[in-house]
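Okay, so here's the structure we're looking at.
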Amino acid sequence: MTGEPAAPAPAQPQRCLFVSDVHLDVAGNAAQRQFLDFLGGEATHADTLYILGDLFESWVGDDSPEHGAVLDALAALSARGVACFALHGNRDFLLGEGFCRRTGCRLLPDPVVTTLAGEPVLLTHGDALCTDDHAYQELRSIVRDEAWQRRFLALPLATRQLLADEARAGSRAHTARTAPRIMDVNAAAVQAAFRATGVRRIIHGHTHRPAVHDGQIDGQAVQRIVLGAWYEQGSCLWLQDGRYALHTLPR
Ligand code: MN
């Protein structure tokens, strides 16, 4: 994994809030209600919200009529002056310009190095770090190809929806038969990401293993913060006054 050019950082990021893997699916379910409350409540206290991928369980194109309530809530948050940034996850890598126009979110490349509290930090969804999952990485290289995405988006909406449902069933079967260790990040890939970008901190999601991992690379203290998924409860990370705090949000 190599670093992308740094995205423009907000002038004085004071209170940054991070979420990942909300995996919004059925309108009105408990996860969606909790996330809507979060966007209308806790998130309004942030200057910047970073969504580190897999906001949606699937996204078949910006012309999809689904998730209107979430899009409206993001638009309302943006309109209040909270700068909202989103990365693509492995589920919603087709979020595009239409999503940005509708919500006021800005898409960041994955990975991206941005400056937070005066320090360069690598933000990534995290799936690219799971290099032990060869079958997944092969799929990833196919669906992240621009020509593949153009062909897919040219299909009728109903066809895309059908294909996405099949892909999710395939993904569930893969997850069920693959050892948990294979689906976690690869230690060498993490080290390579630290070395390639020179950052001392990485923030990601994807693995659904919320934790703060302190380590050392070449004699330097480094930290990898992993956000949790929102299947059973919420998970968020605050950066305030230069300190990071990972929170579980009970449902
Ligand atoms: Mn993911």
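When a ligand or atom number is given, it counts from 1 through the structure's own listing order.
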- Message: Rounded to the nearest 0.5 Å, what separates atom CG in Leu49 from atom CG in Leu74?
- Response: 7.5 Å

- Message: Need the atom name: nearest N/O/S atom of His206 to the Mn ion (ligand 1).
- Response: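 Within His206, restricted to N, O or S, the Mn ion (ligand 1) is closest to atom ND1.
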
- Message: Please determine whether Asn90 has a backbone or side-chain N, O or S atom lying under 2.8 Å from the Mn ion (ligand 1).
- Response: yes

- Query: the Mn ion (ligand 1) to Asp127: any N/O/S contact under 2.8 Å?
  - Reply: no

- Co-membership, hydrophobic cluster, residues Leu94 and Leu87, 4.5 Å side-chain: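 Different clusters.
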
- Message: Taking CG in Asp214 as the centre, count heavy atoms belonging to other residues, nucleotides or ligands within less than 6.0 Å. Is the count above 12?
- Response: yes

- Angle, NE2 of His125 through the Mn ion (ligand 1) to OD2 of Asp54 - 10° precision: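 About 90° at the Mn ion (ligand 1).
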
- Evaluate the side-chain proximity of Val199 to Val113: yes if any heavy-atom separation is below 4.5 Å, no if none is.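 Of all side-chain heavy-atom pairs linking Val199 with Val113, at least one is under 4.5 Å.
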
